[in-house]
Trainee: 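Take a look at the following structure, please.
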Amino acid sequence: MNFNEQQQAGGYDSRYKHELALPGGDLKVYASEQLFATLDYKVLEMANNNLQIPNIEYMSYTPDVHVGVGTCIGTTAVWDAADGYVSPSIVGSDIGCGMRVHLTTLHKDDLREVKLRRKLVRAIEKYLPMEQQQRGTYSDIRLENIVRKGLHGLPNKYVPDSYTPKKSSALSHVEISKLSFDEEILNELPDMAWHRGHRQLGTLGGGNHFVEIQAIEIAEEQRELAEAWGLRDGQIAVMIHSGSRAWGGMVNQFCTPAFAKVMGQLGLGSADPRLIYAPLAHPQARRYVNLMYSALNYAVVNRHLIAYAVREGFRDVFGPKCELRTLYDLMHNYAWQEQTAAGTKFVHRKGATRALPAGHPDNPRPYAATGHPALIPGSMGTASYIMVGQPGGEENYYSICHGAGRIRSRSATKRLVSVNDFSKSLRVGREDEIVVNQHSLESIIDESPQAYKNVDEIIESVTGAGLAAVVAKCKPLAAIKGTK
DNA sequence: ATGTGC
């Protein structure tokens, strides 16, 4: 029985699911035997710390889990909304970090020539704002409107009909277009947050953030769904990975001392000083949640503006009729309330993606009947995936992986991986080279595929466990990376 | 990840 047959049979395979009784509480780990065997003890130690936060109801790891600050990347942690806790450490610094995919009307044959891929990369770079340079700052966009209203705070010209054939699809084909919150708190953020927040709008950032030009390969078992979503074999898609830039970091910096103080006052302990939390009902927790929502609004607009720049670049190369329809935009670092059969829960996801199945009421309207696309990036030079949630995901609050998952620290990668290896995995010098904007591969070597787990094994674990199914594989043709 | 921290 292969994975797809298992899925069709509707059951999950216990080989992909491990239940651990740690001293602090129970942890579920979704991973193949091989991936499970490679888990660092530090990953379990971190889970044990997180499980000691009071009233926690559920915690799990996705197969791409790896060590983070205070909490692992790949964590789903759930409290009841009535007596719950919120932890800025579980959300992480890059609040609202996530993925976006746009579908073009082009076919991979249109980009067969390496020269043309280079031209496209240069054209996109021309429109992508760079914080360090004067050019590109969106002077007609008010940051205050962005953090308060998300995509609805953008001037109309950034949500044009040609960008997404129906203007509404730019607002409806996303996980969030706007989160409302108590805006009073915004006045307390330092001037620096506003200054940098404005300058960085629409910028990519560094690390694993990217814009990638990809070719779609539909999974046969999901062809009907893929076509309903508008996917075609060989179609060129654009995948974007970015977050809330410094704004999210400022929110965390601003809230951290207050959380430390609250923990002291309430006598709440933590085995790791970098792991902070507070009861949801506490005024400081409310402040954090409100500010976190402003960062989620920032992040979705940031990705939207990156897509806007990409579309300008495509038009320079392929003409003004070129369209980049929004397939979906969703996050993998956030916490919010969700309705479940067992009541209202406060769900944290850090490096975990929500993948809702067909018919789930929280799907955005256009995807109500099918489930929404769940967008999973691979490492540089390897494939990414477009997936859809399965009913079996309910046991894990519909969380799946968020990518390949690091196996080597940035420093270790710089030590152990040669530029030559990296360049080989990008097929540099061949006609099918994955064109990268950065001339020096040295500067981004910590993002080489050798620093990551094999994304195919991650995906196998998720499908094997019955959490989601592959709709399409997206093979990279060109990538744009920021530097620090 | 990041106005990081050598």
Side-chain angles (χ1 to χ4, degrees), chain A residues 46 62 64-75 87-100 129-133 137 143 147 189-211 240-257 272-276 288 291-292 294-303 306 330-335 348-353 377 379-380 401-415 438 443-448 451-452 480-484:
Chain A
M46 257 182 190
T62 47
D64 49 335
V65 66
H66 60 98
V67 169
V69 178
T71 299
C72 289
I73 323 297
T75 296
S87 168
S89 316
I90 307 187
V91 174
S93 267
D94 193 2
I95 301 167
C97 185
M99 306 302 304
R100 170 177 279 250
M130 303 280 260
E131 192 200 1
Q132 284 80 5
Q133 296 170 26
T137 304
L143 177 57
V147 293
L189 280 178
D191 289 347
M192 185 59 79
W194 294 97
H195 176 71
R196 285 187 70 80
H198 183 258
R199 280 187 66 93
Q200 290 187 329
L201 257 182
T203 63
L204 198 46
N208 58 2
H209 291 172
F210 65 76
V211 170
I240 296 167
H241 184 187
S242 190
S244 56
R245 311 289 282 104
W247 184 269
M250 296 274 180
V251 165
N252 262 24
Q253 249 182 46
F254 178 71
C255 293
T256 297
D272 180 346
R274 299 170 308 172
L275 174 63
I276 56 171
Y288 169 72
L291 286 172
M292 173 182 50
S294 79
L296 300 183
N297 285 340
Y298 187 108
V300 67
V301 171
N302 197 47
R303 287 187 292 274
I306 291 168
L330 86 178
M331 316 172 288
H332 47 238
N333 293 345
Y334 62 102
H348 297 67
R349 293 193 180 87
K350 183 183 198 179
T353 309
S379 52
M380 272 191 83
C401 56
H402 86 301
R406 198 164 264 288
I407 38 168
R408 234 167 236 141
S409 68
R410 297 190 181 279
S411 56
T413 308
K414 282 174 191 157
R415 244 183 2 256
Q438 297 289 341
S443 67
I444 52 169
I445 199 157
D446 49 344
E447 284 299 318
S448 72
Y452 285 89
I480 296 164
K481 298 284 289 182
T483 52
K484 58 183 282 181

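Source: prediction; values computed, not measured. Chain naming here is simple, since letters A, B, ... match the order of the sequence lines and numbering starts at 1 in each.
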Trainee: What is the distance, to the nearest angstrom, from the CD atom on A/Q200 to the P atom on B/dT2?
Mentor: 8 Å
Trainee: Considering every strand and a 4.0 Å limit on heavy-atom distances, what is the contact class for A/G205: base, sugar-phosphate, or nothing?
Mentor: sugar-phosphate
Trainee: Search all heavy atoms of A/L143 against all heavy atoms of A/H198 and return the closest pair with its distance.
Mentor: CD2-N, 3.5 Å
Trainee: Just how far, in rounded Å, is C1' of B/dT4 from CG of A/N252?
Mentor: 14 Å
Trainee: Between atom OH in A/Y298 and atom C1' in B/dT2, what is the gap in whole Å?
Mentor: 12 Å
Trainee: Find the distance A/M192:CE to B/dT4:C1' and express it as a whole number of Å.
Mentor: 15 Å
Trainee: Between A/C401 and A/D64, which heavy-atom pair has the shortest distance, and what is it?
Mentor: CB-OD1, 3.2 Å
Trainee: Take atom CD of A/Q253 and atom P of B/dT4, then tell me their distance rounded to the nearest Å.
Mentor: 7 Å
Trainee: Taking atom C1' of B/dT4 as reference, at what distance in whole Å does atom CZ of A/R274 sit?
Mentor: 14 Å
Trainee: Mind checking side chain to side chain donor-acceptor pair (under 3.5 Å) for A/S89 and listing every partner two or more places apart, or none if nothing turns up?
Mentor: none
Trainee: List for me each residue that meets ring-ring contact (aromatic ring centres under 6.0 Å, His included) alongside A/H209, sequence neighbours excluded, and say none if there are none.
Mentor: A/H241
